[in-house]
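In what follows, a single structure is set out as structure tokens and then discussed.
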There are 2 protein chains.
Amino acid sequence: MDAEAAELKLLDTAERLFDERGVQSVGMDAIRTASGVSLKRLYQVFPSKDLLVEAVLRRRDETVRAALTAHGARVADGPYERALAVFDWLAGWFAEPEFRGCAFINTFGELGGVAPAVATIARDHKESLRAYLAEQTDALGAPPVLADQLALLANGAMAVAGITGSPEPAAQAKAAARVLLDAARP
Amino acid sequence: MDAEAAELKLLDTAERLFDERGVQSVGMDAIRTASGVSLKRLYQVFPSKDLLVEAVLRRRDETVRAALTAHGARVADGPYERALAVFDWLAGWFAEPEFRGCAFINTFGELGGVAPAVATIARDHKESLRAYLAEQTDALGAPPVLADQLALLANGAMAVAGITGSPEPAAQAKAAARVLLDAARP
DNA sequence: GCATCGGGAGAACGACCGTTCTCCCGATCG
DNA sequence: CGATCGGGAGAACGGTCGTTCTCCCGATGC
């Protein structure tokens, strides 16, 4: 197994284990066993656990941004529908059997107070969601605060769906978002 | 120091340290040093760290429920104002200098996957917030889903305020809540 | 006054974790 | 073919953590 394949397998494995059990409950040995990548190779590719954690979060950040944009472009035309489509995307995510909440909310809760890099990545990720929503609301001519409010609904849905295990918050948030969007129409 | 005073000091100290650094980053020795309670006494009162964590969360659960109810009864009359007052209470909380997010969201992210007791306490706590909001919306004759939606706004505000460090989400969520409440008026 | 008890301080213990090291094998290249 | 290199498996190391144990002191009761 070459370095590139090892990196991919490590990121996949670490992301899955971190999502399931949190970061600190997963030892490097568990990642090695589950990935089949030797410890030597692991530390060649990611010289420390901190760097692996950050790499996992950064890749997830890019994945989510791309998926959201792609979903919006695919299923919706126009900013109104694209803003609402965010909540359909959430619904699909929440319905995945292994869903256990947003990795950024969860990891910030665990490490945000002691790992500034993690806190920064989480902050940037949440800002990117807000910015994506702001693109849509700006195009509608709605006031800027609407994007923040839609982001609150989305993040609240992630938190509550993670804790309760129910996918319903996506639909509830979508309905609320529609009310806010309609009320803000110029 | 007797057992009762030790328990109080331990809960206070542990809650503060857990909020600052997360649970797993805080050793029992740090709690002992910061609280001034000896290890022997600590393990007399809380026979394991797991039990201490659960006790901290359970006390916080009661504190928050009581504070929310008291705040609602004090500053507002009528269900409409009481529902909105929840977000004023959030604003005061977010403005505290040591605020670093909701303990239940944070601890669920860290331990929810490996500590079922923690997951249950977090779930119950979030359900109690929803139930409190449902009391208000029911009194207004609004459809039941409105309480869920207000809870999503509140939880989204907690998550975003924790991650960004800004208290603004409280006001943004309150404005959105007002729109939803007005739209649901029979 | 002396034996007893409970508690404080912190050392000690066993487990685990992140990281590094050792040993060995198989491939590559002259 | 023989030397060299890179990597795999896992042992080893240093540190930390949760938990327990030891030692000592002061208070209490007869």
Worksheet item: Contact class for Val37(A) vs. all strands (heavy atom < 4.0 Å): base, sugar-phosphate, or nothing?
Response: nothing
Rounded to whole Å, CG of Leu10(A) lies from P of dT19(C) at a distance of 14 Å
Atom CD1 of Ile31(B) and atom C1' of dC17(D) are separated, to the nearest Å, by 12 Å
Atom pairs under 3.5 Å: protein N/O with N/O of nucleotides 19-22 of chain D:
{"from": "dT19(D)", "atom 1": "OP2", "to": "Tyr43(B)", "atom 2": "OH", "distance (Å)": "3.0"}
{"from": "dT19(D)", "atom 1": "OP2", "to": "Lys49(B)", "atom 2": "N", "distance (Å)": "2.9"}

So, is Arg32(B) near the phosphate of dG10(C), with a side-chain N or O under 4.0 Å from OP1 or OP2? yes
Crowded around Asp12(B) CG? As in, over 12 foreign heavy atoms under 6.0 Å? yes
Residue pairs meeting side chain to side chain donor-acceptor pair (under 3.5 Å), one or both in residues 90-106 of chain B, sequence neighbours left out, come to none
Atom CZ of Phe18(B) and atom C1' of dG18(D) are separated, to the nearest Å, by 12 Å
Residues 132-147 of chain A vs side chain to side chain donor-acceptor pair (under 3.5 Å), sequence neighbours excluded, gives Arg82(A)-Gln136(A)
| field | side-chain N/O Gln24(B) vs dC17(D) OP1/OP2, d < 4.0 Å | value | no
Do Lys49(A) side-chain atoms and Val23(A) backbone N/O form a donor-acceptor pair below 3.5 Å?
yes
- prompt: Is Arg32(B) reaching over with its side chain to a backbone N or O of Val37(B), donor-acceptor style, under 3.5 angstrom?
  reply: no
Single-linkage hydrophobic cluster Val26(A)~Leu51(A), side-chain heavy atoms < 4.5 angstrom
no
Atom CG of Asp2(B) and atom P of dA27(D) are separated, to the nearest Å, by 17 Å
Separation of dG10(C) atom P from Arg41(B) atom CZ, nearest Å, is 17 Å
